[in-house]
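Naming convention: chains lettered A, B, ... in sequence-line order (proteins, then strands); numbering from 1 in each chain.
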Protein chains: 2
Amino acid sequence: GDDSGEKDGPKSLSELMADRQEQAEKSVLISCPSRTSEKKFLKFLSKHGDINKHFFYESYGVYAVVEFARRDSVVSLLESAAIPNVNHECMVPFKSRLLSLSNQSSAASPAQQPRLPCRPQTTIAINELIQRLSREDSVDDQMGALTEAYQLTEENSRLRFLVCSLLKDVAAAYFPECTIRPFGSSVNGFGKLGCDLDMFLDLDTISGWNFKPPKSGLSLEYQMKRTNSERHVTQSILSVIGECVDHFGPGCVGVQKILNARCPLVRFAHQPSGFQCDLTANNRVAMKSTELLYLYGELDPRVRRLVFTVRFWARAHGVTSSIPGAWITNFSLTVMILFFLQKRSPPIIPTLDRLRDLAGPADESVIEGTDCTFVSDFSKIQLQSNTDTLEQLLGDFFEFYATFPFSRMSINIRKGREQNKPEVAPLHIQNPFETSLNVSKNVNTSQLDRFVALCQESAWLLQQGEARTQRGSGGNCMDNPWGLATLLLPSKVAGIKGRKK
Amino acid sequence: GDDSGEKDGPKSLSELMADRQEQAEKSVLISCPSRTSEKKFLKFLSKHGDINKHFFYESYGVYAVVEFARRDSVVSLLESAAIPNVNHECMVPFKSRLLSLSNQSSAASPAQQPRLPCRPQTTIAINELIQRLSREDSVDDQMGALTEAYQLTEENSRLRFLVCSLLKDVAAAYFPECTIRPFGSSVNGFGKLGCDLDMFLDLDTISGWNFKPPKSGLSLEYQMKRTNSERHVTQSILSVIGECVDHFGPGCVGVQKILNARCPLVRFAHQPSGFQCDLTANNRVAMKSTELLYLYGELDPRVRRLVFTVRFWARAHGVTSSIPGAWITNFSLTVMILFFLQKRSPPIIPTLDRLRDLAGPADESVIEGTDCTFVSDFSKIQLQSNTDTLEQLLGDFFEFYATFPFSRMSINIRKGREQNKPEVAPLHIQNPFETSLNVSKNVNTSQLDRFVALCQESAWLLQQGEARTQRGSGGNCMDNPWGLATLLLPSKVAGIKGRKK
Ligand SMILES: Nc1nc2c(ncn2[C@@H]2O[C@H](COP(=O)(O)OP(=O)(O)OP(=O)(O)O)[C@@H](O)[C@H]2O)c(=O)[nH]1
Ligand SMILES: Nc1nc2c(ncn2[C@@H]2O[C@H](COP(=O)(O)OP(=O)(O)OP(=O)(O)O)[C@@H](O)[C@H]2O)c(=O)[nH]1
Ligand SMILES: [Mg+2]
Ligand SMILES: [Mg+2]
């Protein structure tokens with residue numbers, strides 16, 4: 001069952017994902033006239049079976065996500081659906097679980113219907129956030145409020161898994177046993193509403209890879225197209241899926257095949273959900289990084305709040321960006337925060353080496369020669385009792401990186417200690433699993449310098465605030481920004497390149 | 001059942017095709033070591049269910065076509081098959097009904113096994129044919145022997161439907177209810193071994209096109225990608241299928257997307273069958289032409305023999321070609337032969353208008369505004385008693401077109417009479433269904449002139465032969481070419497552009 005395990009402490013990411021995938025497989029996405037009667041809508045759909053959960057949201061019109069109790073209700077629903085018969089010959093008759101509801105109701109005029117109640121899938125603007133934060137009582141509360149306001153909602157998470165599931169239908173046409181899993185900030189616990197949807201196509205779930213031919217006698221093999229390298233296979237598959245999404249995928253626009261990147265991908269916008277999507281294949285190490293980040297975020301509630309706060313701060317000042325470039329990525333920044341938390345005394349989170357040592361036989365994971373093993377059972381992890389407040393952690397984080405010896409040292413969450421840089425690069429952060437790689441190889445000196453300058457400024461601003469305001473009385477009734485809010489105002493040190501949307 | 005209807009006279013093409021499609025769906029294609037024991041092979045496969053029919057043939061190695069009695073035997077067989085595990089990461093794991101058999105047998109050395117008995121899928125060379133014909137007793141026998149030697153075999157026909165069925169699996173991934181049908185010479189009764197495989201993807205079999213929204217209340221429609229025109233839909237679909245065949249289709253090579261042609265198509269070579277394949281979509285008029293040709297070929301045994309002979313003669317002299325160009329096509333040539341047979345007195349075959357008048361309500365067929373109706377029940381067609389010999393027909397065919405007023409008249413099998421040309425073109429043959437089109441629009445004057453000159457020469461050669469040899473005693477024991485054989489020797493009038501392989 002869905003909730004039965006919850007009393008035994010936090011679920012591992014893979015358990016959580018399995019549940020969400022299961023829900024998504026039983027769900028459909030329906031565009032609705034905004035003035036539909038919710039009651040009639042539910043009655044109409046229930047003809048096909050019981051509904052577990054539904055909600056509405058807005059994105060180029062109103063959409064409903066409907067999860068049935070059983071898979072065969074979806075089949076029944078789809079069988080009842082028509083191909084649009086306006087000019088039907090100009091339609092690619094690819095059937096998916098993305099549908100449109102029409103209302104021929106002549107009786108009640110639609111204008112008299114109340115609008116369907118929609119769950120927000122977008123965030124508040126930064127100015128509204130600054131005001132809201134300024135009404136909080138402490139920096140700790142501010143960091144909690146920021147996290148609350150921006151983190152993915154249950155509904156948004158369901159919608160992400162549903163988009164993966166719809167895309168899986170496209171891929172499963174050729175690889176019936178494949179799965180498409182979200183990874184990165186959609187599931188690592190650090191994603192904010194509106195973040196992109198990173199997905200990877202997993203073909204290792206296909207049966208028949210490890211058949212051993214019999215010692216004697218006859219045996220059968222599939223004839224399959226061969227290529228020079230695994231990379232070519234990935235490129236071929238993504239090329240075809242990209243083509244399908246482009247030509248058949250309803251609501252999928254701006255499809256780009258970026259097949260010559262280090263990690264080949266297909267990028268597109270999924271209009272009904274509003275998600276910017278990146279589909280990769282054969283990217284199981286990234287899934288492991290995601291699990292690791294998720295685990296760290298679950299270990300202590302301060303982790304997620306600090307990460308949310310720093311990621312938000314970085315985005316507000318253009319330290320990170322949605323455009324690829326010499327900027328620090330969210331992933332690099334998160335690893336830097338985890339490293340900082342490992343360096344507290346006592347440490348708030350354990351090192352990756354420690355997590356590997358705690359791993360049981362079931363946790364063993366070697367992906368193409370890379371050891372990605374770490375413990376999945378949270379109960380095995382003993383934390384030390386550190387009572388630092390979030391305010392302290394935030395201030396000290398800025399101090400820590402304002403003075404970090406970036407020129408000599410590499411950041412290493414595997415050991416929880418800085419190491420001598422193995423190679424020249426302005427910023428060196430060891431890839432947690434592929435340890436010979438630098439996850440921040442892209443960062444140039446000027447971006448690093450901006451980051452350091454902003455850390456100095458923010459550390460100073462927090463100290464100033466601490467001196468100025470009384471804790472507890474705080475900025476409670478003031479509309480003047482204080483505490484965390486001041487850190488989100490345009491910076492004085494960061495120059496015109498400062499704030500980005 | 002399969003044969004139950006046979007006593008009621010010839011089956012219509014669509015009945016015949018339904019049977020062959022059914023067989024193909026239950027069949028697999030297996031590459032086998034040439035020295036496999038047939039008995040062991042059959043025993044091994046029978047684990048998955050009863051086998052209706054099997055045969056072997058050679059094409060880049062030995063292949064087996066195996067038709068099971070039941071569809072689920074194929075499912076069971078596929079479940080038992082492995083993904084090749086040599087360097088498995090460089091393999092596109094697309095599973096199809098194209099398999100490879102391995103033999104780990106250590107006991108009997110494979111060299112001691114006899115080679116598997118293979119059914120020929122290719123024709124004899126023209127020189128061998130000329131010798132063989134020269135041993136026949138009459139021109140009629142020669143025309144029968146030529147037809148026998150070159151017409152599609154039962155096995156080749158099965159293989160063609162199997163390739164369609166394999167390709168259907170690729171298309172059905174996205175359009176589960178689609179069908180892929182062979183058309184043209186693969187099924188019209190006039191195909192020779194080695195002719196190309198023309199296929200068309202039929203999406204009209206998809207359910208949901210004609211749902212009517214309820215007068216009141218809610219209804220659901222699929223969201224589908226829209227385009228400007230039906231042509232764009234066809235291009236999109238063929239583009240994606242072409243991509244899939246190219247990247248995933250085992251044994252499919254040389255994939256070309258020819259999407260801007262009047263009739264967009266994907267062309268590729270299917271190595272395991274040796275077929276050159278052309279896939280089109282939405283080409284139902286061509287299917288009707290095919291049915292019509294088939295019907296004419298079934299009405300009187302002389303039709304098929306005359307068509308085979310003339311088509312072979314034309315190919316031998318480069319009147320037709322496998323390369324597109326200003327040549328007369330096989331289709332045009334066939335229509336010319338049918339026209340000639342309608343002009344005999346009494347006519348050997350009825351006009352298309354007559355066949356349309358005989359049609360019942362079930363035969364009605366209007367495709368995109370084009371009336372393609374004609375009778376499908378052979379028993380309704382009353383033939384007049386014409387006793388012309390094939391020799392007479394062949395000679396008169398050459399005479400007929402040696403003197404036909406091509407410059408003024410159009411060939412029209414709908415009326416069975418020549419008509420004044422509606423437009424300028426060296427050769428005008430009215431398209432039987434799309435009556436405003438000229439099926440031989442591509443033919444230029446010099447190609448028409450060559451055809452006429454060759455008709456004159458062949459008419460003359462046949463008359464000479466008749467004068468020279470005594471009927472009955474014939475060329476029986478002579479190795480000297482005579483009768484039809486002489487018509488296949490390099491021509492004196494056709495210049496260096498004469499014979500083509
Ligand atoms: N090893 C490694 N993994 C990376 C790197 N960049 C991204 N990833 C992985 O890919 C995932 C998705 O990348 P992004 O979309 O750039 O980052 P994100 O964590 O999703 O954060 P957003 O910026 O919110 O999208 C990350 O969470 C990592 O697991 C990198 O440079 N090295
Ligand atoms: N209406 C029309 N149909 C054509 C034309 N050319 C081909 N077709 C149709 O398409 C089918 C396949 O074309 P081809 O492959 O060129 O001819 P074919 O009859 O298969 O003969 P082969 O030369 O043996 O391949 C024909 O049998 C006709 O039904 C044309 O110019 N007009
Ligand atoms: Mg991301
Ligand atoms: Mg053909």
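With respect to chain A, the highest number of heavy-atom pairs below 4.5 Å among B:Ile30, B:Leu78, B:Asn282 belongs to B:Leu78. For the set B:Ala172, B:Pro272, B:Cys244, B:Gly251, the entry with the most heavy-atom pairs within less than 4.5 Å of chain A is B:Cys244. Interface check for chain A: of the options B:Pro250, B:Pro176, B:Ser102, the most heavy-atom pairs under 4.5 Å are formed by B:Ser102.
With a threshold of 4.5 angstrom between heavy atoms, B:Val245 approaches chain A through N, CA, C or O but not through any side-chain atom. Using a 4.5 Å cut-off between heavy atoms, B:Phe175 contacts chain A through its side chain alone, with no backbone atom that close. Heavy atoms closer than 4.5 Å to chain B are found in the side chain of A:Leu45, but not in its backbone. Both the backbone and the side chain of B:Cys252 come within contact range of chain A, with heavy atoms under 4.5 Å apart.
The OG atom of B:Ser239 sits 4.5 Å away from the NE2 atom of A:His247 when rounded to the nearest 0.5 Å. B:Asp169 CG to A:Tyr174 OH: the interatomic distance, rounded to the nearest 0.5 Å, is 10.0 Å. For the atom pair B:Ser96 OG and A:Lys225 NZ, the distance stands at 10.5 Å (nearest 0.5 Å). Annotation: the span from A:Ser100 atom OG to B:Met224 atom CE amounts to 10.5 Å, rounded to 0.5 Å. Separating the CG atom in B:Asp246 from the OG atom in A:Ser236 is a distance of 8.0 Å, to the nearest 0.5 Å. Note that CD of A:Gln223 is 12.5 Å distant from CZ of B:Phe94, once rounded to the nearest 0.5 Å.
Considering all non-hydrogen atoms of both residues, A:Cys90 and B:Ser229 come closest at SG-CA, 3.5 Å. Between B:Leu218 and A:Phe44 the shortest heavy-atom distance is O-CE1, 3.3 Å.
Residues B:Arg226 and A:Pro84 have side chains in contact (heavy-atom distance under 4.5 Å, counting atoms from C-beta outward). With contacts defined as side-chain heavy-atom distances shorter than 4.5 Å, the pair B:Asn103/A:Ser219 does not qualify.
When each of B:Met91, B:Lys95, B:Arg97 is paired with A:Tyr222, the side-chain contact (heavy atoms from CB on, under 4.5 Å) condition holds for B:Lys95 and for no other.
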